[in-house]
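Just so we're on the same page: letters track the sequence lines, and every chain starts at 1.
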Protein chains: 2
Amino acid sequence: MSELCFLPATELAALLRRREVSARELTQAHLDQIERVNPQINAIVTLVAERALAEAAAADEQFAAGREVGPLHGLPLAVKDTHETAGIRTTYGSPIFETHVPDRDELVVQRERAAGAVVVGKSNVPEFAAGSHTFNPLFGATRNPYDLSRTAGGSSGGAAAALATGMVALADGSDMGGSLRNPASFCNVVGLRPSPGRVPTWPSAAPWSTMSVQGPLGRTVGDVALLLSVLAGPDARSPIAIEQPGSLFAAAMDSDLTGLRVAWSPDLGGAVPVDREVVDVLAAQVGVFEGLGCSVDEACPDLAGADEVFRTLRAWLFDLSLGTHRDRHPDLLKAAIVWNVDEGRKLSGADLARAETLHGQLFHRVREFFGRYDLLLLSVSQVVPFDASLEYPTLVAGRTQQTYLDWMRSAYLVTATGCPALSVPAGFTAQGLPVGLQVVGPHHGDLAVLRAGHAFEQATGFWRRRPPVRDP
Amino acid sequence: MSELCFLPATELAALLRRREVSARELTQAHLDQIERVNPQINAIVTLVAERALAEAAAADEQFAAGREVGPLHGLPLAVKDTHETAGIRTTYGSPIFETHVPDRDELVVQRERAAGAVVVGKSNVPEFAAGSHTFNPLFGATRNPYDLSRTAGGSSGGAAAALATGMVALADGSDMGGSLRNPASFCNVVGLRPSPGRVPTWPSAAPWSTMSVQGPLGRTVGDVALLLSVLAGPDARSPIAIEQPGSLFAAAMDSDLTGLRVAWSPDLGGAVPVDREVVDVLAAQVGVFEGLGCSVDEACPDLAGADEVFRTLRAWLFDLSLGTHRDRHPDLLKAAIVWNVDEGRKLSGADLARAETLHGQLFHRVREFFGRYDLLLLSVSQVVPFDASLEYPTLVAGRTQQTYLDWMRSAYLVTATGCPALSVPAGFTAQGLPVGLQVVGPHHGDLAVLRAGHAFEQATGFWRRRPPVRDP
């Protein structure tokens, strides 16, 4: 197994620039790693080894010829299988698209390729990214690298598991209800749900919606910032694109946290049940922020209405984006999606008006909270990685969960606030299962969140603990 | 009558800075003008003469003391009566709020005051700014300065009429379906519907909505740019605020239009009926753009779906924002508002999903159109200013109009595109009624639209033709 595959992407980028490794060698090392561990993990569901090697060779030639190369030059990357890739099968995890090969790259993939990334394949997802456990009838479940009997989380589950096992240096994902955060938490990697508009999305079924966002995953916060520097920045194809350039995230993340006011509330003031093991792991690490010079209070914003906002807007967007599939192929969709679309179909205009009114009130309450605090720390997930054979955990901290969404509240309530949120490795349970800390910042505060996560990572180093995956 | 009252605000600002006039003198001159002409026009419905003079005196003292003053230092300004003003009655044109005195300024007013503007009073509006003819049971109708028997347009009708008659140097307004554009067109002044988020709105019943925007009116494009430079720029209280600073609009508007590709379609390719007189006035001026070095084609984007988008989202927002009044005080609302709220109440989630899908498709079609053209020219209003005793024109170019919204299509279809749009004076009918040209630019292209409008204004000078209002 090549040690290269576990270096941070930022270090690999430096090695490539110093010509200590070639893009082709690096790509081959990752393809070898995929061959070794993917059969156990099932993270990469479509592999384009030949094409990746050819692209890596071309990148090497460009670099050798002295041409300028992008910030991701030669870095092996996995694209989430819900993101369109020209000439590479894109299934959305659905039998409906089993053989679908798009003829264009979507915007995030265009940016990754333009920056020099080498796309090695597509990462596994739940059907249409619905739910935070990665399984589907085409490819089955993605396994947690720290315990193969458990879930890698989702919906960017293939991405997180591939990163944790050194199959790729970087991966992209998306997040409506926690899909960049839960899998990062479950796989001991880093995932950022950026502010809506930070990473412009195109194509998009609902271009103004702030619910679903695309974003980066990596093994370190620096890697996530590197990928974000490429994914972020305005594009005329997204009407909500934030105008700040991606270069904002290209600088070193080192930052002094002295004097920051940190709020800590693992269960959002009791609003969500959180398993004891999760709280224990996180509570042991909160002192790290005090050690970094922050003041830490037990506090959280009042998230009243956030549940209704998320549930209503999600159901509405499911009908909007998947309603046609639900009508044409109800037999080819999992029941949870049919249910979620049908929930959307029950909505009246008045229901949506009520949700949007609550959404606005929530925005302002959270904005005022971030006048008093710089950061909010909470659990990413309410549970540890659960049995991969379950559809979802039906019991959390002793409380019964009725639907596939219930256990995701600690992530999806944050979605409703519109704030950026990072999942950063924060330790392990006694069983050796990873637990992520959710670092939430004010609106558009992506940089502040990354800097805090970086300082925490530097102080703790949990990302260095590799999964116990062995060569078969 | 003081000639000062008809100078551009930019010139008045220069006179103030050169100490050739004081803020107090300028305010007094405008108060005198209000006293002379407002009884005929009915544009200013709440006057705060004493407070304005005291503020002007304080501004003079600050300036005399060598303190830095803002870009609107000493300029008399009217605030639309739908905008909250601390300590000044704010009625929304509704009997429900006949005696309502807010305890805070809303964001645009905060910015105007911080920039040194002297608020002289509130400008008349239709009830809750609904409809493009300014009349309400509290104050009656605002009269067109060019023909007192006709409407000044709306909903920023008081603002436009006050500017046309020299009662104020600047005025703010708002625009969902044409409310910054129609009154500018009808009163021979300039109004800009900025890109959504350009002028952050707070408070807002629907902070993410792109339908209703606030913006500037003035007698010249330069004046509108001056006010926009103060109103624009990010604020954390609006989640859709564009991050570009207002200073973008503070520079001179002079610009070379040579080589610009201009599309011209007075009736949007036949999509809307437009009165012959309006088309004739505008058609005579299109050559000005050729004279400025532009190429001009007859062309317009396909606005299919825009009508459904606007009607659906408007009705939904009416229920969201006015539904409570409709329930509590149906007797105190005009029938058109009750109807529009009730239209909103008929909507299903699926209706809104369909509208939002069409909205997205429209966004991309228009974006692609502005890849081929730099500007789109069309009529602001489909009609000339109509009889003020009508609720709305029921016949346009021989076609019957069913509702109070129908005749506003040439303005409200542009709203649905999300593009910025300027109304700039473009001439007069044989009867002496003003006609505005609508200059539409690409998304976020507010500066391009202002520059084109400025060049057109410099070449034509219609703004100089004063209304035939005489001292009583």
Side-chain angles (χ1 to χ4, degrees), chain A residues 195-197 202-211 234-245 312-313 315-321 323-324 341 343-357 359-364 366-368 370-371 417-419 442-445, chain B residues 195-197 202-211 234-245 312-313 315-321 323-324 341 343-357 359-364 366-368 370-371 417-419 442-445:
Chain A
S195 298
W202 176 87
S204 167
W208 285 273
S209 172
T210 59
M211 293 285 285
D235 187 283
R237 288 168 285 183
S238 167
I240 65 165
I242 296 173
E243 300 204 3
Q244 289 173 321
T312 303
L313 297 182
W316 182 71
L317 287 165
F318 264 56
D319 181 27
L320 186 156
S321 58
T324 306
V341 170
E343 289 291 298
R345 290 181 173 180
K346 291 179 195 157
L347 294 170
S348 66
D351 292 331
L352 285 158
R354 195 177 130 86
E356 203 52 23
T357 301
H359 200 190
Q361 291 165 356
L362 178 67
F363 170 81
H364 287 296
V366 170
R367 179 178 61 75
E368 285 160 12
F370 280 113
T417 69
C419 294
H443 296 94
H444 290 204
Chain B
S195 298
W202 176 87
S204 167
W208 285 271
S209 173
T210 59
M211 293 284 285
D235 186 283
R237 287 169 286 185
S238 167
I240 65 165
I242 296 174
E243 299 204 4
Q244 289 173 322
T312 303
L313 296 182
W316 182 72
L317 288 165
F318 264 57
D319 181 26
L320 186 156
S321 58
T324 305
V341 170
E343 288 292 296
R345 291 182 172 179
K346 292 179 195 158
L347 294 169
S348 67
D351 292 332
L352 285 157
R354 196 177 129 87
E356 203 52 23
T357 300
H359 199 191
Q361 291 165 355
L362 178 68
F363 170 80
H364 287 297
V366 170
R367 179 178 60 76
E368 285 160 13
F370 280 112
T417 69
C419 293
H443 296 94
H444 289 203

Does any backbone or side-chain atom of B/R345 lie under 4.5 Å from a heavy atom of chain A? Answer side chain, backbone, both or neither. neither

Just say parallel, tilted or perpendicular for the rings of B/H364 and A/W202, cut-offs at 30° and 60°. perpendicular

Counting only non-hydrogen atoms closer than 4.5 Å, does B/L317 touch chain A with its backbone (N, CA, C, O), its side chain (CB onward), both, or neither? neither

So which of B/H444, B/Q244, B/Q361, B/H443 has the biggest tally of heavy-atom pairs under 4.5 Å with chain A? B/Q244

Can you tell which of A/P442, A/S321, A/A236, A/G418 has the highest number of heavy-atom pairs within less than 4.5 Å of chain B? A/A236

Between atom CZ of B/R354 and atom CG of A/D319, what is the distance when rounded to the nearest 0.5 Å? 13.0 Å

Output for pair (B/F363 CZ, A/S238 OG), nearest 0.5 Å, gives 6.5 Å

Report the distance from atom CH2 of A/W208 to atom NE2 of B/H359, rounding to the nearest 0.5 Å. 3.5 Å

Residues which pass side chain to side chain contact (heavy atoms under 4.5 Å, CB included) with A/E368, listed by chain and number, not counting sequence neighbours: A/R372

CD1/B/I240 to CD1/A/I240 distance, rounded to the nearest 0.5 angstrom? 10.5 Å

Considering residues at least two apart in sequence or located in another chain, which fulfil the side chain to side chain donor-acceptor pair (under 3.5 Å) criterion with B/S348? B/D351

Interface moiety of B/P207 toward chain A, non-hydrogen atoms closer than 4.5 Å: side chain

Scan B/L320, B/L352, B/L347 and name whichever one has a side-chain contact (heavy atoms from CB on, under 4.5 Å) with A/L352. B/L352

Identify which of B/P239, B/P196, B/A206 forms the greatest number of heavy-atom pairs closer than 4.5 Å to chain A. B/P239

Considering only heavy atoms, which portion of B/T210 lies under 4.5 Å from any heavy atom of chain A: side chain, backbone, both, or neither? side chain

